[in-house]
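The basis for the numbers below is simple: all heavy atoms, side chains too, and nothing from hydrogens, waters or symmetry mates. In each ligand, atom 1 is the first atom listed, and ligand 1 is the first ligand listed.
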Amino acid sequence: MRERLAGRLIDAIGADAVRTEPEDLAVYSFDAFSGETLPSAAVLPKDARDVSAIVRIASELGEPIVPRGAGTGLCGGATPARGGIVMSFARMNRILSLDARNRRARVQPGVINLELSKQAEPHGLFFGPDPSSQKISTLGGNVGTNAGGPHALSYGSMTNHVIGLEFVTQNGEVHHTSQDDPGYDLTSALVGSEGTLGIITAIDLKLLRVPPAIRVCVAAFGDVESGSAAVSAIVGAGIVPTALEIMDRTITQAVEAHYHAGFPLDAGAVLLVEIAGEPDDMDASERAIAKIAREHGALSWRSASEAAERDALWASRKGAAGAIGRIAPNYYIQDATVPRTRLPQALHRVDEIARDHHLQVGNVFHAGDGNLHPLLMFDRRESRQVKAVMAAGTEILEACIALGGTISGEHGIGYEKRNALPYVFSADDLATMARVREVFDPKRLFNPDKIFPSGAVCGEVRAQPQAAVGAGAWL
Ligand SMILES: Cc1cc2nc3c(=O)[nH]c(=O)nc-3n(C[C@H](O)[C@H](O)[C@H](O)COP(=O)(O)OP(=O)(O)OC[C@H]3O[C@@H](n4cnc5c(N)ncnc54)[C@H](O)[C@@H]3O)c2cc1C
């Protein structure tokens, strides 16, 4: 069967674009969450026609297809949970057009997120969504997960920036959607669909004007709770900075050891505030925010208006997960949201849960969005620690739901959280979603075992019990 599949793929797209050796396939077996199953083949299409040919072969032979961007996903979304074909977009990495006058770009899915902003910069433009992985993650993967990032607070996540898509359905047909079209908004249906509805082969995106002035300020607090209360108060006062991010002491110390951006090492938490707009408005905005921060216990305040200083602060913030390598061999990053005003309680619970399970935790999060990212540190060679991490991850999720939040802010559901979906959706909701999927992917070959609870097909979704996150030995 494997030889037959390989032969068909090679005939269709050429031997140079097909990988079948186990040592080559190993790199396509995992993402930044985990993974263990090897695919039968990995393919590297060069255009939509190749994608269509691959999809037709997979459909005929009943082989699953897993689209893959850079594999930085944190929920096992790009892993071949059931084997089959992994489709990498490494060769579909061109910016097809950049229309500066209309502030639009058309890209292939394998374009790296940051590359688009680099190409747009000479036109005074940039691309809004900036996941911390933006130096490596692809725009196709960003569409797949509806990625956010520090600036989602003011610019929104991918769904607010994708204006059209080209995608391939399970019968190999190439379709186009556009938000300019009347009728159902299929573009938005595909954003965040994690490769389960169609394979995206081109993306139309909005570009934004680079603000004339940008300032990044750093406030130090005694603890994350008071920093979070300040964030609620800032937004509650009607001020919406472009970003409001918090790092606790554990994270600040780890990033400072590497980036030396000048964060205060004795603070319990630091708040990063970015404001953008007209140069004349900057001082007044900063004063208003600093005043609220001080009223909520800010111990110090510093502002950076020079690009180099701002870049160093952002590099530290975006490098936070990598810096954990200084503290522990492995980390598990939870992604959950709570209403912004409940952040102090949520963070308090995170701390309690980590302590109960004897785990070290670091918090770095999109405070303005109420999007928590506790990093639980562990050593995967210690099975007791792995179990403790999974249990703590589930408890954190449950605590956030109890506070009025939800199970993912931006990383998606993938393999990791599929059994947590019934926490927030009723059986009827899930059955409706499954019916939508049936329309696009009647054979359920596009990224199976993702999003929907284990064992679920259309009717079975109703029968799913509530279950914990991080099923199996996937760490
Ligand atoms: C250090 C670090 C920091 C991160 N910071 C953030 C952050 O700030 N915000 C955030 O949102 N995420 C963040 N992430 C998570 C991750 O980077 C995002 O989920 C990102 O969108 C994944 O992009 P990727 O190219 O790696 O996609 P992959 O991981 O390869 O795939 C992600 C999903 O998209 C699907 N997919 C990929 N390409 C296509 C396609 N062409 N057609 C259809 N489906 C497709 C895949 O099947 C999968 O389900 C971070 C990850 C790391 C490791």
If you compare all heavy atoms of [X] against all heavy atoms of [Y], which two are closest, and at what distance to 0.1 Å?
| X | Y | value |
| --- | --- | --- |
| G149 | D369 | O-OD2, 4.4 Å |
| P109 | I200 | CG-O, 3.2 Å |
| R68 | G71 | NH2-CA, 3.8 Å |
| T37 | G83 | CG2-N, 3.9 Å |

- Query: Please walk me through it: do R340 and V231 pass side chain to side chain contact (heavy atoms under 4.5 Å, CB included)?
  - Reply: CA-CA 8 Å; R340 206 169 20 237; V231 165; 3.9 Å; yes

Atoms in ligand 1 flagged as close to [X], the criterion being non-hydrogen separation under 4.0 Å:
| X | result |
| --- | --- |
| H411 | 10 (C), 12 (N), 13 (C) |
| G149 | 8 (O), 9 (N) |
| G77 | 47 (O), 48 (C), 49 (O) |
| G195 | 43 (C), 44 (N) |
| R68 | 30 (O) |
| A147 | 11 (O), 21 (O) |
| F89 | 40 (C), 41 (N) |
| G141 | 21 (O), 23 (O), 24 (P), 25 (O), 27 (O), 34 (O), 37 (C), 38 (N) |

Among protein heavy atoms, which lies nearest [atom], and at what distance?
| atom | result |
| --- | --- |
| atom 28 (P) of ligand 1 | G71 N, 3.6 Å |
| atom 31 (O) of ligand 1 | A78 CB, 3.8 Å |
| atom 8 (O) of ligand 1 | S132 N, 2.9 Å |
| atom 33 (C) of ligand 1 | T145 CG2, 3.8 Å |
| atom 39 (C) of ligand 1 | P67 CB, 3.6 Å |
| atom 53 (C) of ligand 1 | T72 O, 3.6 Å |
| atom 34 (O) of ligand 1 | G144 CA, 3.6 Å |
| atom 43 (C) of ligand 1 | G198 O, 3.6 Å |

Select one of side chain, backbone, both or neither to describe which atoms of [X] lie under 4.0 Å from any atom of ligand 1, heavy atoms only.
| X | answer |
| --- | --- |
| P109 | side chain |
| F167 | neither |
| N447 | side chain |
| T138 | both |

Could you tell me whether some N/O pair between [X] and ligand 1 is separated by less than 3.5 angstrom?
| X | answer |
| --- | --- |
| G69 | yes |
| P131 | no |
| G73 | yes |
| E194 | yes |
| S133 | yes |
| E410 | yes |

- Query: Side chains of L205 and V162: does their closest heavy-atom pair fall under 4.5 Å?
  - Reply: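 Yes, close enough: below the 4.5 Å cut-off.
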
- Within a strict 4.5 Å, meaning less than it, do heavy atoms of the V51 and F89 side chains meet?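 Yes. Closest side-chain heavy atoms under 4.5 Å.
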
- Message: Working note: I163 + T187, criterion side chain to side chain contact (heavy atoms under 4.5 Å, CB included); need CA distance, chi angles, decisive distance, verdict.
- Response: CA-CA 7 Å; I163 49 180; T187 309; over 6 Å; no

So, [X] and [Y], do they make that salt bridge, N to O below 4.0 Å?
| X | Y | result |
| --- | --- | --- |
| R381 | D379 | yes |
| E194 | K450 | no |
| K318 | D130 | yes |

Heavy atom of [X] under 4.0 Å from ligand 1?
| X | value |
| --- | --- |
| G414 | no |
| A320 | no |
| D31 | no |
| K450 | no |

- For the rings on H373 and F365, is their centre-to-centre separation under 6.0 Å? no

- I would like to know whether S232 and R342 meet side chain to side chain contact (heavy atoms under 4.5 Å, CB included); could you show each step before the answer? CA-CA 9 Å; S232 282; R342 312 302 290 274; over 6 Å; no

- Tell me, please, whether Y415 has R418 positioned over its six-membered ring: NZ or CZ under 6.0 Å from the ring centre and within 45 degrees of its axis?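 Positive - R418 is close enough to the ring of Y415 and near enough to its axis.
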
- Message: Distance alone, cut at 3.5 Å: any donor-acceptor contact between the side chains of E410 and H366?
- Response: yes

- Message: Applying side chain to side chain contact (heavy atoms under 4.5 Å, CB included) to E274 and H151, what does each step give before you reach the verdict?
- Response: CA-CA 9 Å; E274 186 186 273; H151 290 84; 2.8 Å; yes

- Query: With under 30° as parallel and over 60° as perpendicular, where do the rings of F126 and Y155 fit, or are they tilted in between?
  - Reply: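 It falls in the perpendicular class, over 60°.
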
